[in-house]
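Structure record follows, encoded as structure tokens.
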2 protein chains.
Amino acid sequence: MGQVGRPREFEIDEALDKALHVFWKHGYEATSINDLLDAMGLQKGSLYKAFGDKHSLFLQALERYLEMGYQQTQACIQLQATPIAGVQRWFESLFGYCDQQNQKRGCFAVNALSELAPHDPEVAELLRLHFDRLELLLAKTIKKAQDKQEIRQDVAAETLSLFINTFVSGMMAQAKGRLDREACQHLVQTLMFLLQSQTPLPSV
Amino acid sequence: MGQVGRPREFEIDEALDKALHVFWKHGYEATSINDLLDAMGLQKGSLYKAFGDKHSLFLQALERYLEMGYQQTQACIQLQATPIAGVQRWFESLFGYCDQQNQKRGCFAVNALSELAPHDPEVAELLRLHFDRLELLLAKTIKKAQDKQEIRQDVAAETLSLFINTFVSGMMAQAKGRLDREACQHLVQTLMFLLQSQTPLPSV
DNA sequence: TGACTAATTGACCGATTGGTCAAAAATAAA
DNA sequence: TTTATTTTTGACCAATCGGTCAATTAGTCA
């Protein structure tokens with residue numbers, strides 16, 4: 001039993017990717033339906049039939065971004081030999097967002113957090129779930145690293161995880177205007193140093 | 001010689017403050033001229049005569065915010081007994097931006113950085129100058145703190161300054177959706193701990 | 001070949017956007 | 001009182017906004 005009716009002439013995920021990149025570059029409010037139609041190569045009716053209204057399309061693009069980002073983070077962390085190498089690899093994967101060549105687009109999740117979260121419960125909830133799971137994954141990895149003495153043990157893993165996520169958010173925000181790739185690399189270097197140094201236990 | 005012509009019926013700075021709070025709450029694109037007129041209590045012609053167009057008004061509001069923010073930071077730092085107490089006091093002044101009661105508006109400078117910096121050279125330049133002077137002030141303070149051994153000396157003051165500013169930006173961004181005042185306080189506590197602990201010099 | 005179903009097309013909608021401008025009003029100076 | 005200068009007012013503008021929908025098209029199935 002094949003599909004009934006006229007077949008869709010585009011791939012949902014491809015169109016979603018194109019929409020994502022427009023929203024990513026210009027933000028939600030500054031993106032018009034016509035901008036989206038141009039980028040996605042669709043007519044108005046097709047867009048509304050396939051994705052609903054502008055807000056719904058944004059949510060779907062955001063969901064896709066978050067899912068891909070989480071999977072990439074998992075891959076970075078789990079494919080490395082040691083926990084700390086995994087974290088380091090994840091940091092490095094972020095430099096692409098800092099690049100000047102990359103149009104200073106920053107992280108789409110942080111952008112959405114800043115522009116929409118305070119007034120948009122659905123966006124806020126998606127981001128809350130995403131950052132929560134990210135911090136959970138990070139905390140687990142840090143705990144392993146602490147067991148291996150790769151990371152300081154005098155601060156709880158959950159605390160370090162939240163700290164790191166907050167710091168990375170700031171780096172992504174600052175990358176939208178002030179920080180180039182090199183500056184971000186230096187910042188991550190500093191972060192790694194602070195995570196690895198440790199106050200010595202008082203020697204009795 | 002008094003002023004010639006019909007006198008203005010409102011205070012420039014008061015109106016600018018009202019505009020600032022509208023832009024702060026909704027962002028640039030989501031704020032309409034009518035929103036501004038309502039909040040400022042002006043008619044269209046008066047606004048355009050006094051402030052130019054929407055973009056120009058935004059720049060003036062941003063400049064005012066940055067100037068007041070910088071002066072407040074200076075006050076926090078310089079009115080305390082020790083450098084580290086000054087930095088601590090500055091951190092505490094940020095918690096107001098994290099408060100749930102405060103409508104999750106975050107930091108207007110970080111908001112503007114995220115929404116506009118990549119496409120708006122004038123906004124980008126204002127923010128660059130602001131963050132640069134902020135980091136300079138912070139670096140000087142940290143250097144003093146290092147001399148007094150209040151802060152770790154194994155990382156350069158300029159490096160710590162950029163690190164702190166980046167971290168604070170992230171905290172402001174995350175405060176727009178996920179972090180309440182308590183979480184921000186805990187994060188600052190962690191930051192202070194990391195700044196004060198220090199890798200021991202290798203004992204020979 | 002029709003019948004049925006779903007996607008495409010683009011004209012069309014009212015509302016809102018940022019912005020302009022001529023007329024009226026309010027002051028100081030002459 | 002008149003003149004010069006500036007601000008206020010609100011009607012007005014073209015352009016764009018997000019969104020709808022009837023007609024057309026392209027498939028599958030009987």
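Just so we're on the same page: letters track the sequence lines, and every chain starts at 1. Worth saying up front: this structure is predicted, and the values here are computed from it rather than measured.
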Atom-pair distance (CG on B:L36; C1' on C:dG18), nearest Å
11 Å
Within 6.0 angstrom of B:E67 CD, more than 12 heavy atoms from elsewhere
yes
Please give, in whole Å, the distance from D:dG18 C1' to A:M40 CE?
15 Å
Determine: side-chain N/O of B:R6 to OP1/OP2 of C:dA25, distance under 4.0 Å, yes or no.
no
Sugar-phosphate only, base, or nothing, as touched by A:S32 at under 4.0 Å among non-hydrogen atoms:
sugar-phosphate
Salt bridge (charged side-chain N to carboxylate O under 4.0 Å, His left out) filter on B:E122, not counting sequence neighbours, yields none
If you only use heavy atoms from C-beta on, which nucleotide in D:dT8, D:dT5, D:dA26 is closest to the side chain of B:R8?
D:dT8
Within the pair A:S46 and C:dT8, is there a side-chain N or O less than 4.0 Å away from OP1 or OP2?
yes
When rounded to whole Å, the NE2 to P distance for the pair B:H55 and C:dT17 reads 19 Å
With a 4.0 Å cutoff (strictly under), does any side-chain N or O of A:Q43 reach OP1 or OP2 of C:dG10?
yes
Which whole-number value in Å describes the distance from B:Y48 OH to D:dC13 C1'?
13 Å
Find which nucleotide of DNA chain D each of A:T31 and A:G45 is nearest to by heavy atoms, and output the residue with the more 5' nucleotide.
A:T31
Nearest-nucleotide pick for B:K44, side chain only, options being C:dT8, C:dG19, C:dA29:
C:dG19
Looking only at side-chain atoms of A:K54, point me to the closest of D:dG18, D:dT8, D:dT5.
D:dG18
Within 45° cone and under 6.0 Å: B:R105 NZ/CZ vs B:Y97 ring:
no
Ring-ring centroid check A:F167 A:F91, cutoff 6.0 Å:
no
Whole angstrom is fine here: how far is it from CD1 in A:I33 over to C1' in D:dT16?
12 Å
Please work out if B:K49 contacts a base, only the sugar-phosphate, or nothing of the nucleic acid, heavy-atom cut-off 4.0 Å.
base
Between C1' of C:dG10 and CG of A:L42, the distance in whole Å:
14 Å
Check the phosphate of D:dC17 against A:N34, side-chain N and O only, distance under 4.0 Å to OP1 or OP2. Yes or no?
yes
Mapping B:Y28 and B:E9 onto DNA chain C by nearest heavy atom, which one lands closer to the 5' end?
B:Y28
Report yes or no: is the cationic atom of B:K54 (NZ for Lys, CZ for Arg) under 6.0 Å from the centre of the six-membered ring of B:Y28, at an angle within 45° of the ring normal?
yes
Between C:dT16 atom P and B:E29 atom CD, what is the distance in whole Å?
18 Å
Whole-Å distance between D:dT6 P and B:I12 CD1?
15 Å
